[in-house]
Structure formats: C-alpha cells, structure tokens
Number of protein chains: 2
Amino acid sequence: MGLDLEAVTGVLASKGLKITHQRIVVYQALLAAKNHPTAEQIYDSIKSQNPSISLATVYKTLETLAENLLIHKVSTPQGTMRYDARIDNHNHIYISNTNEILDYEDEELSKILLNYLKKKNFDNLSITDFKVQIKGEKINPDKGISIT
Amino acid sequence: MGLDLEAVTGVLASKGLKITHQRIVVYQALLAAKNHPTAEQIYDSIKSQNPSISLATVYKTLETLAENLLIHKVSTPQGTMRYDARIDNHNHIYISNTNEILDYEDEELSKILLNYLKKKNFDNLSITDFKVQIKGEKINPDKGISIT
DNA sequence: TATCAATTAATAATTATTATTATTTGGGAT
DNA sequence: ATCCCAAATAATAATAATTATTAATTGATA
Ligand SMILES: [Mn+2]
Ligand SMILES: [Mn+2]
Ligand SMILES: [Zn+2]
Ligand SMILES: [Zn+2]
C-alpha cells in the first residue's frame with residue numbers, strides 16, 4: 001500500500017510542505033507499516049538507511065504530517081502515541097496482551113452510529129470525532145483474530 | 001456522592017486491602033471529585049490536610065484501587081492518565097479546548113451497541129471493554145453542554 | 001504487646017515527548 | 001546556475017508523567 005516517490009512528493013507538495021528526504025522517508029515508512037507504530041518504531045525502521053536522521057525529527061515530522069491531515073495520531077490506553085497512515089474513518093481494537101492495534105471497520109456499525117448521532121443534539125459542543133473503542137485480549141496470542 | 005469513613009473502610013476491607021490513612025484519603029478525594037482528575041490533581045487536593053503524603057503513594061494507591069476494580073483508569077488523547085470513581089458502564093466526552101472529560105451515558109446508545117455486539121462473533125478475541133469515545137470542543141468554553 | 005509483611009515517604013530513575021539552538025537545505029528569486 | 005533565506009534538521013537538553021528503589025513505618029494478626 002506504500003506510495004512511490006512521485007506520489008509521496010506530490011502529496012507533500014499539495015499541502016505546501018517542503019519536500020525533504022526526512023519527510024519522504026518517514027511518510028513512506030508509516031505507509032508501509034501495518035501495525036500502528038510508535039515514533040520510535042518508525043525511527044528504528046528507517047535509521048539503518050538514514051543514519052543521520054534524528055528521533056526528534058521523526059516526532060516533528062509525524063506532527064507536521066498529522067497537522068496537515070496526511071496521517072492520524074492514535075492514542076492508546078497505555079498513553080504512548082501511535083501513528084496511522086489510514087485516514088479514512090475507521091475504529092481500532094486494542095489488544096492488551098500483545099499491544100497490537102487492529103483496524104476495525106464495519107459498515108453496519110458506522111451506519112448505526114451515524115444514525116444515532118443525527119438524532120442527538122449536542123448543545124454548545126462541536127463534535128470532532130466519534131468512534132468506537134474496543135479493548136480486548138487474544139485468547140491465543142500467536143493467532144490472528146477473525147470477525148464474523 | 002462521597003462515601004463516609006465507615007463505608008470507605010468497608011469497601012477497602014471487602015477487597016482484603018489494608019486500611020491505611022492514605023488509601024482512605026485518596027479514595028475519598030476521588031469519590032468527591034467531579035472531573036476525572038489526574039493523580040497530581042488528587043495529590044494537590046489532599047496534601048494540605050495530609051502534608052506528609054507522597055505523590056508516588058498517590059500513584060500507587062490509585063493503581064491498587066484500580067486493580068481491585070474500585071476505580072477506573074481513563075486514558076486521554078493527551079496521554080495523561082485520569083481516574084474515575086464511577087465504575088458503572090458509561091462513556092466519556094473529551095473536550096479538547098477545556099481539557100474536560102464529561103460523562104456521557106445514554107440508555108439507547110448502550111442498547112444499540114450491546115445489540116450490535118451480540119450479533120458479532122470475534123474469534124480468538126475476548127472483549128474486555130467496548131465503548132464510544134466522543135471528542136469535541138465547546139463552542140463557548142464558559143458554558144456547559146446539554147444533550148437532547 | 002510483639003511481630004512482620006505490607007505500605008509509605010523520599011528520592012532516583014525511566015520513558016515519552018518537546019524545546020533549544022547552531023547548522024543545513026529546499027526552493028523561489030535573480 | 002548561483003544566491004538567498006525562511007524553514008527544516010541534528011544534536012542535545014529539558015520537561016512531564018510515571019515507575020522503581022529502599023529504608024523507615026505501620027496495620028493487622030497472633
Ligand atoms: Mn509525556
Ligand atoms: Mn510515561
Ligand atoms: Zn488504523
Ligand atoms: Zn466517568
């Protein structure tokens with residue numbers, strides 16, 4: 001799912017961001033990641049190919065990408081921030097015994113919630129985000145989960 | 001809503017916890033709080049009456065209470081942990097411009113979600129928590145919000 | 001009342017993140 | 001193609017939140 005160089009530079013340019021090697025590399029690393037990594041995990045994944053990059057730059061780059069709505073920040077029950085290149089609307093499952101974050105998306109659930117929200121009137125509150133947060137643990141940590 | 005001394009000691013005893021002054025004071029402070037305080041806010045609220053109490057003890061006491069399911073830990077988008085003496089099932093609204101956490105409870109929503117969940121089958125996943133997380137901001141930060 | 005494991009206070013250490021600042025660089029102007 | 005400079009980066013220090021360590025204290029039990 002990772003975008004190639006031209007696509008990434010195009011996306012950065014579309015936001016008026018300077019095209020820097022660091023931004024390209026961090027963004028591509030997150031696009032390639034399948035596991036909602038931390039800043040440090042992204043740093044670890046790119047530093048062998050980019051020995052002079054700084055962890056602080058990774059943090060700052062991720063912040064910049066998030067401000068420009070190119071990525072999302074995902075807060076976790078443990079308090080450490082994680083990052084997500086998926087910016088379409090979807091929910092997350094936090095798996096406490098493996099520390100994984102899985103994407104969870106269900107058309108039916110989205111519809112139910114949207115429908116519920118439409119009926120409610122929140123006075124003096126502008127809702128910026130509304131999602132379901134599922135927490136659980138894997139019965140067998142070595143296996144995947146499936147939903148039916 | 002704060003429980004009195006006998007009630008609090010009774011609750012602690014029911015969990016087999018030693019009745020210490022620190023536990024009583026921290027627990028009562030959280031019971032009296034109406035705003036999902038941080039550990040430090042609880043510490044600040046009790047230290048004038050308990051000058052020798054340590055912030056680390058407040059953290060440890062809250063952890064102990066949470067482990068014994070007497071209180072809940074509430075993670076926030078900012079990553080700092082907050083605490084809640086309400087342990088019945090309810091949802092939270094995070095208000096980003098005032099840093100408030102409001103309780104949000106709606107019978108209809110609970111029913112909808114429970115009903116949805118019952119139909120789904122999550123294989124290899126044991127769900128420990130399932131809630132709605134609303135994020136928003138107050139239009140007028142000085143006023144309350146109301147929901148209709 | 002004596003005993004002792006559990007708890008606490010004091011403080012150090014750790015983790016995650018942000019701030020500072022001197023240096024470098026991308027990209028528009030020449 | 002070179003010049004220029006605001007913006008970005010690397011290196012590092014600082015901060016904030018939380019956890020660990022340890023010696024002293026204390027609640028509960030005998
Ligand atoms: Mn922090
Ligand atoms: Mn932390
Ligand atoms: Zn995701
Ligand atoms: Zn609450």
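Each chain gets a letter, A, B and so on, in the order the sequences are listed, and its residues count up from 1. None of these values were measured; they are calculated from a predicted model.
- Taking only side-chain atoms of Ile53(A), from C-beta outward, the nucleotide of dA16(C), dA10(D), dA7(D) with the closest atom is dA10(D).
- Contact annotation: the side chain of Leu102(B) approaches that of Ile145(B) to within less than 4.5 Å [non-hydrogen atoms, C-beta and beyond].
- If one axis is set at each end of the helix from dT1(C)-dA30(D) to dT30(C)-dA1(D) from five pairs, those axes are 30° apart, to 10°.
- Rounded to whole Å, the distance from CG on Asn50(B) to C1' on dA10(C) is 17 Å.
- Mapping Thr61(A) and Glu63(B) onto DNA chain D by nearest heavy atom places Thr61(A) at the nucleotide closer to the 5' end.
- If you find the closest nucleotide of DNA chain D to His21(A) and to Thr20(B), the one lying nearer the 5' end belongs to His21(A).
- Rounded to whole Å, atom C1' of dT9(D) lies 17 Å from atom OH of Tyr59(A).
- Rounded to an integer number of Å, the gap from Lys73(A) NZ to dT18(C) P is 6 Å.
- With dT18(D), dT11(C), dT17(C) as the choices, the nucleotide that has an atom nearest any side-chain atom of Ser54(B) turns out to be dT11(C).
- Under 4.0 Å is where a charged nitrogen must lie from a carboxylate oxygen, and between Asp84(A) and Arg82(A) no such pair does.
- Not a single salt bridge (charged side-chain N to carboxylate O under 4.0 Å, His left out) links Glu67(A) to another residue, sequence neighbours left out.
- Out of dA17(D), dG27(C), dT8(C), the shortest distance to the side chain of Ile19(A) is found at dG27(C).
- The distance between atom CD of Gln78(B) and atom P of dT18(D), rounded to the nearest whole Å, is 12 Å.
- Separating the CD1 atom of Ile24(A) from the P atom of dT25(C) is a distance of 14 Å, rounded to the nearest angstrom.
- Here Phe122(B) and Phe130(B) keep their ring centres 6.0 angstrom or further from each other.
- The residue among Leu17(B) and Arg82(A) whose nearest nucleotide of DNA chain C lies closer to the 5′ end is Leu17(B).
- Between dA16(C), dT9(D), dT18(D), one nucleotide has an atom nearer to the side chain of Met81(B) than all others, and that is dT18(D).
- A salt bridge between Lys143(A) and Asp123(B) is absent, with no side-chain N of the basic residue lying under 4.0 Å from a carboxylate O of the acidic one.
- Here the P atom of nucleotide dA10(D) and the CD1 atom of Ile46(A) are 9 Å apart, to the nearest Å.
- Out of dT17(C), dT11(C), dT8(C), the shortest distance to the side chain of Ala56(B) is found at dT11(C).
- Counted within 6.0 Å of CD on Glu108(A), heavy atoms from surrounding residues, nucleotides or ligands total more than 12; the atom is thus considered enclosed.
- Exactly one of Thr61(A), Asn68(A), Val11(A) qualifies for a side chain to side chain contact (heavy atoms under 4.5 Å, CB included) with Leu17(A). That residue is Asn68(A).
- The nearest whole Å value for the distance from the CG atom in Leu62(B) to the P atom in dA17(D) is 15 Å.
- Listed nucleotides: dA8(D), dT8(C), dA10(C). Nearest to the side chain of Lys60(B): dT8(C).
- The shortest distance between the side-chain N/O atoms of Thr57(B) and the OP1/OP2 oxygens of dA9(C) is below 4.0 Å.
- Between the CG atom of Leu55(A) and the P atom of dT20(C) there is a distance of 18 Å, given to the nearest Å.
- Using a 30° and 60° split on the angle between ring planes, His36(A) and His92(A) fall in the perpendicular class, above 60°.
- Comparing dA28(D), dA9(C), dA8(D) against the side chain of Lys18(A) picks out dA8(D) as the nearest.
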